[in-house]
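Everything below concerns the one structure shown next.
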Amino acid sequence: MPSKKLVIVSLDAFGTEDLAYALTLPNFKKFRQEAALVEAVESVYPSLTYMCHTSIVTGQYPKDHGIINNTLLQPNRISPDWHWYTKYIKTPTLFDIASENGLSVSTILWPVTGKSRSIDYNIAEIFANRKWHSQVAVSLLASSPKYLIEKNHKFGHLRSGIKQPELDDFVTAVAVDTIVNEQPDVMAIHLVDLDSTRHGFGVKSPEAKAAIERMDAHLGQLFHA
């Protein structure tokens, strides 16, 4: 077992312009004191969630890893399916390589991880988009069922479906519990509260500022774990 663990935390919709305020908050400030900071980062194109997150874990451009949009091309569907499943990725991921080398892996709401065979403890990012689907069923089919059932039994009371900010409360609680109990060698966590808030209220809204404060609290919980 390796002496060091890797934890990747994606702060969805957080950017360079947010740093000045974020670094006044206790956990961002504490982390910055021991961290390297890279501000001049160029996104892949298209700069959408699923392409970016797949490039992070493959080191490839969208044209090579195959995720070129959040959604599939389904023009006749009001709510098209997203690239939820790892089968759509054409190149190896960090999770695949870690698993092949005997390391344990956990992902929580990391995009394009549905039905992954490389992830030991997986709660996939997916939502029910058909009238005959239920959120419970689609999540169980895409995730690690036993792990999801256990964590939902412990922390499901924190959720309100897939609404924010409750969903990030759930994700953080599950992540903390996983770090303490499952102790995966490689972990990737996707926090989405800020992104959802900015879509709903605007990029520079007071609500977005409050979401950054909630993000700081979540980071504090993760650092402590």
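Everything quoted here is computed from the prediction, not taken from an experiment. These values consider heavy atoms only, across backbone and side chains, with no hydrogens, waters or symmetry-generated copies.
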| Would you find a donor on one side and an acceptor on the other, under 3.5 Å apart, between the side chain of E39 and the backbone of T16? | no
| Shortest non-hydrogen contact between V203 and R198, atoms and distance | O-NE, 2.8 Å
| Side chain T107, main chain A188, donor-acceptor under 3.5 Å | no
| query | Can you tell me how far CZ of F170 sits from NE2 of H157, rounded to the nearest 0.5 angstrom? | reply | 10.0 Å
| message | Under a plain distance cut-off of 3.5 Å, with no hydrogens placed, do S104 and D120 share a side-chain donor-acceptor pair? | response | no
| request: Search all heavy atoms of K5 against all heavy atoms of P184 and return the closest pair with its distance. | output: CD-O, 3.3 Å
| Between H53 and T49, is there a donor-acceptor pair closer than 3.5 Å when you use the side chain of the first and the backbone of the second? | yes
| Are H83 and Y50 an aromatic pair by the rule of ring centers under 6.0 Å? | no
| task | Please step through side chain to side chain contact (heavy atoms under 4.5 Å, CB included) for the pair R130 and D81, ending with a clear verdict. | result | CA-CA 9 Å; R130 302 286 186 273; D81 297 319; 3.3 Å; yes
| Are Y61 and T54 close enough, and set up right, to give a side chain to side chain contact (heavy atoms under 4.5 Å, CB included), and what steps lead you there? | CA-CA 9 Å; Y61 288 105; T54 307; over 6 Å; no
| Please walk me through it: do W110 and E125 pass side chain to side chain contact (heavy atoms under 4.5 Å, CB included)? | CA-CA 6 Å; W110 194 270; E125 181 169 274; over 6 Å; no
| Distance in Å, D12 CG paired with Q164 CD, rounded so as to fall on 0.5 Å steps | 9.5 Å
| In the single-linkage hydrophobic clustering (I, L, V, M, F, W, Y; side-chain heavy atoms under 4.5 Å), do V176 and V9 co-cluster? | yes
| field | Ring-ring centroid check W84 F127, cutoff 6.0 Å | value | yes
| request: Could you tell me whether a side-chain N or O of D216 sits under 3.5 Å from a main-chain N or O of F28, the two making a donor and an acceptor? | output: yes
| If you draw the axis of the six-membered ring of F223, does the NZ or CZ of K30 fall within 45° of it and under 6.0 Å from the ring centre? | no
| field | Non-hydrogen atoms of L167 and G161 that approach each other most closely | value | CD1-O, 4.2 Å
| query | D18 and A13: which non-hydrogen atoms are nearest, and at how many Å? | reply | OD2-O, 3.8 Å
| message | How close do T58 and P92 get, counting heavy atoms only, and between which atoms? | response | CG2-O, 3.6 Å
| said: Quick check on the hydrophobic clustering: are I89 and L94 connected, directly or via other members, by side-chain heavy-atom contacts under 4.5 Å? | reply: no
| remark: The side chain to side chain contact (heavy atoms under 4.5 Å, CB included) partner of Y147 among N152, I119, V174, N122 is V174
| request: Go through T86 and T113 one step at a time and tell me if the side chain to side chain contact (heavy atoms under 4.5 Å, CB included) criterion holds. | output: CA-CA 5 Å; T86 193; T113 56; 5.6 Å; no
| message | Check for me, please, whether V112 and I126 land in the same ILVMFWY cluster - side-chain distances under 4.5 Å, paths through other members count. | response | yes
| Can R159 and D168 be counted as an ion pair, charged N to O under 4.0 angstrom? | no
| Any donor-acceptor pair under 3.5 Å from S47 side chain to S43 backbone | no
| remark: d(L194 CG, E213 CD) to nearest 0.5 Å is 11.5 Å
| said: Testing the 3.5 Å rule here: is there a donor-acceptor pair between the side chains of T93 and D96? | reply: yes
| message | If you compare all heavy atoms of L109 against all heavy atoms of A124, which two are closest, and at what distance to 0.1 Å? | response | CD2-O, 3.6 Å
| query | Does K115 reach the main-chain N or O of K87 with its side chain, forming a donor-acceptor pair under 3.5 Å? | reply | no
| Do the charged groups of E182 and K151 touch, with an N to O distance under 4.0 Å? | yes
| Are the side chain of R77 and the backbone of S79 linked by a donor-acceptor contact shorter than 3.5 Å? | no
| note | Of K154, K146, H153, the one forming a side chain to side chain donor-acceptor pair (under 3.5 Å) with E150 is K146
| said: Assess whether a salt bridge exists between D193 and K163, defined as any Lys/Arg side-chain N lying under 4.0 Å from an Asp/Glu carboxylate O. | reply: no
| request: State, yes or no, whether a side-chain contact exists between N27 and F31 at a heavy-atom distance under 4.5 Å. | output: no
| Are F155 and L140 grouped together when hydrophobic residues (ILVMFWY) are joined by side-chain heavy atoms under 4.5 angstrom apart? | yes
| request: Establish whether W82 and I162 are linked, either directly or via other cluster members, by ILVMFWY side-chain heavy-atom contacts under 4.5 Å. | output: yes
